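Working notes, structure below.
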Amino acid sequence: MHISGAILGLGYQCFTNTIRKLPVMHHPWEHVLCMGVGAYAATEFFDWEERMKFRVAALQAESAARNAEFQGLVGPPGMFPGGRLPDKYYPEK
């Protein structure tokens, strides 16, 4: 549980009470509820960020494997199969 989300939830509830011109601690159970929702949201956000790091790493590894497979088919960058450029593009004089 992240304290930052709980603090944001509490701040949100105090702010809405102030905007509505109510006492800041009007209905204290709403403060507890907002703190719980904020803590849950912060926890999910940080977990989501970690999951995305793993997914991006997996996609990068898959992309590197596909690039290596493709390079094995066509040869080094800038070269055609067989290691030379086609004669139709650079005819001998």
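Just so it is clear, the structure is predicted and the values come from calculations on it, not from any experiment.
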Contact summary for S4 and A42, nearest pair of heavy atoms: OG-CB, 4.3 Å
What verdict does the side-chain contact (heavy atoms from CB on, under 4.5 Å) test give for Q13 and L33, after you've listed the backbone C-alpha separation in whole Å, the side-chain angles of each residue and the deciding distance to 0.1 Å? CA-CA 9 Å; Q13 186 60 35; L33 180 68; over 6 Å; no
Of all heavy-atom pairs linking V24 and N17, the shortest is O-ND2, 3.0 Å
Measuring from F46:CZ to E50:CD, what's the distance to the nearest 0.5 Å? 10.0 Å
Has T43 got a side-chain atom pairing as donor or acceptor with A39's backbone, closer than 3.5 angstrom? yes
Sequence neighbours excluded - ring-ring contact (aromatic ring centres under 6.0 Å, His included) pairs with any residue from residues 7-28: H27-W29
Just wondering, more than 12 heavy atoms not from R55 lying within 6.0 Å of its CZ? no
Can you name the nearest heavy-atom pair linking A6 to M35, along with the distance? O-CG, 3.4 Å
Assigning hydrophobic clusters by single linkage (Ile, Leu, Val, Met, Phe, Trp, Tyr; side-chain heavy-atom cutoff under 4.5 Å), is L59 placed with F54? no
